[in-house]
Amino acid sequence: MINITFPDNSVKAFEPGVTPLQVAESLSPQLAREVLAASVDGQEWDLSRPITADASLKLFKWEDPEGKHAFWHSSAHLLAEALQELFPGVKFGIGPAVESGFYYDIDPNGHQITAADFPAIEKKMLELARTKHPIVREEISKADALKMFGDRGEEYKCELISELEDGNITTYTQGAFTDLCRGPHLPDTAPIKAVKITSLAGAYWRGDATRNQLVRVYGITFPKQKMLDEYNALMEEAKKRDHRKLGKEMELFAFSQNVGAGLPLWLPKGAALRDRLEQFLRKIQKRYGYLQVITPHIGNKMLYVTSGHYAKYGKDSFQPIHTPEEGEEYLLKPMNCPHHCEIYRTSPRSYRDLPLRLAEFGTVYRYEQSGELHGLTRVRGFTQDDAHIFCAPEQIKDEFLKVMDIIFFIFKALKFENFEAQISLRDPANKEKYIGSDENWHLAEQAIIDACKEKGLNARQELGEAAFYGPKLDFMVKDAIGRRWQLGTIQVDYNLPERFQLEYTGADNQKHRPVMIHRAPFGSMERFVAVLLEHTAGHLPLWLAPEQVAVLPISEKFNDYAREVARQLEESDIRCTVDDRNEKIGRKIRDNQMRRMPYMLIVGEKEQENGEVSVRKSGEGDLGSMKIATFAENLAREVEEMTKF
RNA sequence: GCCGCAAUAGCUCAGUCGGUAGAGCAUUUCAUUCGUAACGAAAAGGUCGUGGGUUCGAGUCCCACUCGCGGCUCCA
């Protein structure tokens with residue numbers, strides 16, 4: 001007998017060779033029906049794979065990420081099997097599970113696969129799932145694997161196999177389909193009850209733009225049809241939150257073919273919203289000792305040669321602007337840092353001047369690839385809420401912590417609770433991609449790691465994600481359909497001070513080199529507004545809403561009183577409109593609700609007589625009547641509560 | 001930049017086999033003067049993204065470009 005230890009530390013004895021599925025059956029029939037995957041001694045394990053020695057066992061259901069992962073991974077194989085039947089001769093790349101669903105990359109080998117084929121693929125997948133073919137794991141030698149996939153002309157699989165270690169190669173087979181795969185998988189495909197092929201896209205083989213482009217078929221599956229219906233409803237809902245749609249509806253921003261792709265036009269309401277965000281951040285930054293500066297939108301090309309940006313990005317940027325005078329070249333500024341370095345250099349600096357914190361809402365232009373442009377989240381002209389902190393090396397951690405405080409405060413004020421943090425480090429195997437000394441890289445990376453630890457921030461560390469001049473800490477927020485966008489960023493830079501020969505005189509009367517911290521809590525005004533819109537579904541917090549109050553007269557007889565109410569509220573800096581259309585009150589309420597109006601004030605005979613307003617709050621309904629001044633005070637207090645720090 | 005898909009009224013969309021362009025909402029006018037989520041009637045609104053081609057005839061078929069969408073690659 002062998003001893004199986006469960007997560008609650010209880011131990012039960014089983015026959016050697018027992019499978020996780022059999023263990024589940026011995027515990028409860030319901031568990032056996034719901035279990036999808038397992039781990040044995042922390043290693044992913046098929047439900048049907050025998051356990052031969054004492055081990056600790058975890059069982060995963062749909063609710064567990066590991067359970068979904070196995071379900072979708074097996075679904076990817078099912079998709080491949082269906083594609084193999086429908087389009088004989090297609091060659092397979094890779095087919096993993098992803099955050100919501102799975103995909104398979106295929107070389108269509110002459111077949112034309114379009115969205116019109118989706119129903120047929122879905123039908124075939126369900127048909128195959130119902131055959132309940134077991135998914136069988138086999139260990140295979142490298143030579144046999146190469147022969148097997150080579151005979152079938154699976155060049156992509158062979159390339160993968162050739163890089164694997166012999167003795168460590170497994171295949172999984174269900175029905176007529178065998179795939180190179182590490183697993184784990186479901187015991188059979190029967191639990192896959194609902195299938196949706198979601199989209200089709202091109203994807204480079206192994207993510208390399210110089211190699212073949214394969215067709216990536218995306219799908220999602222569920223153990224119940226009802227769950228697919230819910231998923232579809234959720235996707236519909238998400239589409240309504242799309243910031244591009246909301247931006248148009250709410251008249252915040254627009255694009256024009258005549259201006260150019262990726263160059264947003266901020267409409268009056270959007271510009272006002274942006275301004276409120278800027279004022280908010282300015283106020284905080286003033287408190288933290290930042291000094292506002294303003295720098296031009298272009299700079300001499302030599303500035304970027306000095307910074308190193310020209311060598312790295314020159315070819316892929318907007319090209320230099322030539323002047324009537326021969327030989328002069330200017331670039332649209334792609335970042336603000338070199339300008340701020342020049343500000344630093346305008347006078348000799350002492351250690352007493354540090355940290356020097358220069359802030360600017362700086363508009364920059366970057367030639368992003370056309371296929372990459374996306375609403376306000378990826379544009380060619382945008383404004384960073386930028387600042388550069390010049391400090392002594394021993395001040396880094398302290399300054400870093402203060403920046404984190406600002407970011408946390410902003411996220412809290414705007415209720416971004418589900419953000420993720422990522423520490424982007426240098427890829428030690430690929431040092432030539434970066435500039436700067438090993439020692440400085442080490443110092444900078446350690447400063448970030450220590451600061452996160454001190455704040456108790458659970459940040460993921462990613463190798464190879466650093467900027468070419470230094471490591472960074474990024475904050476990510478998800479959009480309506482789960483795509484991750486980077487918002488706030490903090491970056492440590494030993495490089496630019498070196499390149500610009502920045503110095504300060506220390507207490508020892510010697511020259512020292514300062515360190516630079518780049519930081520942008522919003523990231524960019526454009527992207528931040530985009531994510532804010534999706535996050536709130538357009539229901540912006542009261543202090544940011546383009547219009548805070550609509551006054552709705554019951555009939556035209558009360559239009560004058562409504563205007564008087566609006567006038568008084570505007571005196572208290574409340575953003576107010578009067579809906580004096582010739583419509584019934586029900587209609588006005590509906591329309592203003594649809595426009596996401598935070599407050600509606602209904603005024604008729606009663607209110608006019610008493611100098612009152614009848615208050616209706618979005619999401620809460622009728623709050624009853626009160627004096628105009630009382631309402632104004634309440635609203636001011638509500639705004640104050642939201643933005644105080 | 002690459003792969004695939006789309007572009008019709010201000011918005012959302014329909015338009016069959018190639019035969020003179022349609023709906024709802026929004027807008028304007030008229031009527032109504034109304035108490036907490038849509039009163040009614042009428043009118044106006046389109047060089048079917050742009051440029052070429054095929055055809056007696058193109059919103060519809062073909063080509064190119066632009067813009068957009070979903071991914072990939074990239075993201076200072």
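Order of the sequence lines fixes the chain letters, A, B, ..., with proteins taken first and strands second; residue numbering starts at 1 for each chain.
One can place CD of A/Q491 at 13 Å from P of B/C75, the figure rounded to the nearest angstrom. Atom CD1 in A/I113 sits roughly 15 Å away from atom C1' in B/C5 (whole-Å rounding). Note: CE (A/M250) to C1' (B/A26) measures 18 Å, nearest angstrom.
Using cut-offs of 30° and 60° for the angle between ring planes, the A/W485 and A/H374 rings count as tilted. Ring orientation note: the planes of A/F416 and A/F528 are nearly perpendicular, at an angle over 60° on the 30°/60° scale. The aromatic rings of A/F253 and A/H243 lie tilted to each other, with the angle between the two planes from 30° to 60°.
Nearest-nucleotide positions on RNA chain B for A/E583 and A/F468 put A/E583 closer to the 5' end. In this structure, A/D208 and A/D316 both approach RNA chain B, and ranking their closest nucleotides by distance from the 5' end singles out A/D208.
Side-chain N/O atoms of A/R244 include one lying less than 4.0 angstrom from OP1 or OP2 on B/C69. A close approach under 4.0 Å does not occur between any side-chain nitrogen or oxygen of A/K588 and OP1 or OP2 of B/U36. When the side-chain nitrogen and oxygen atoms of A/H374 are compared with OP1 and OP2 of B/G70, one or more of them lie within a distance under 4.0 Å. When the side-chain nitrogen and oxygen atoms of A/K472 are compared with OP1 and OP2 of B/A76, one or more of them lie within a distance under 4.0 Å. Residue A/R616 has no polar side-chain atom (N or O) positioned under 4.0 Å from OP1 or OP2 of B/G35.
Counting non-hydrogen atoms under 4.0 angstrom, A/K584 reaches a base of the nucleic acid. Using a 4.0 Å heavy-atom criterion, one finds that A/A201 contacts the bases of the nucleic acid, with or without backbone contacts as well. A/E249 comes within contact range of no nucleotide atom at all, as no heavy-atom separation falls under 4.0 Å. Residue contacts shown for A/I602 include a base, since a base heavy atom lies under 4.0 Å away. Across all strands shown, A/Y469 has heavy atoms under 4.0 Å from sugar-phosphate atoms exclusively, and none from any base. At a threshold of 4.0 angstrom between heavy atoms, the contacts of A/Y218 are confined to the sugar-phosphate backbone, with no base atom among them. Residue A/E607 is in base contact, counting any heavy-atom pair closer than 4.0 Å across all strands shown. Using a 4.0 Å heavy-atom cutoff across all strands shown, A/A467 reaches sugar-phosphate atoms only and no base atom.
Cation-pi geometry between A/R380 and A/Y367 is met: the NZ or CZ atom falls under 6.0 Å from the ring centre, inside 45° of the normal.
Nearest nucleotide to the side chain of A/E368, out of B/C75, B/U33, B/A37: B/C75. Distance from the side chain of A/L200 is smallest to B/G4 among B/G71, B/U36, B/G4. Listed nucleotides: B/C5, B/U66, B/G35. Nearest to the side chain of A/K606: B/G35. Listed candidates were B/C67, B/C2, B/C34. Nearest to the side chain of A/Y204 is B/C2. Distance from the side chain of A/S199 is smallest to B/G70 among B/G70, B/A76, B/G35. The side chain of A/S370 approaches B/G1 more closely than any other nucleotide in the set B/C5, B/U32, B/G1. Proximity note for A/T114 (side chain, C-beta onward) versus B/C5, B/A76, B/G71: the nearest is B/C5. Comparing B/U36, B/U12, B/A76 by their nearest atom to the side chain of A/K248 picks out B/U12. Side-chain proximity of A/R587 to the nucleotides B/U36, B/G71, B/C39 is greatest for B/C39. Distances from the side chain of A/Q593 to the nucleotides B/C34, B/A37, B/C75 place B/A37 closest.
Of the listed residues (A/H388, A/Q384, A/H340), just one forms a side chain to side chain donor-acceptor pair (under 3.5 Å) with A/E360, and that residue is A/H340. None of A/K240, A/R596, A/R241, A/R244 except one satisfies the salt bridge (Lys or Arg N to Asp or Glu O under 4.0 Å) rule with A/E249; the exception is A/R596.
The base of B/G4 has none of its N or O atoms less than 3.5 Å from a complementary donor or acceptor on the side chain of A/Q213. For A/E556 against B/U33, a side-chain N or O and a base N or O form a donor-acceptor pair under 3.5 Å. Side-chain N/O atoms of A/D105 and base N/O atoms of B/C3 include no donor-acceptor pair closer than 3.5 Å. Between the base of B/C75 and the side chain of A/R366 there is no donor-acceptor pair shorter than 3.5 Å. In this model, a side-chain donor or acceptor of A/R590 finds a partner on the base of B/A38 within 3.5 Å.
The ring of A/F390 has its center no closer than 6.0 angstrom to the ring center of A/F500.
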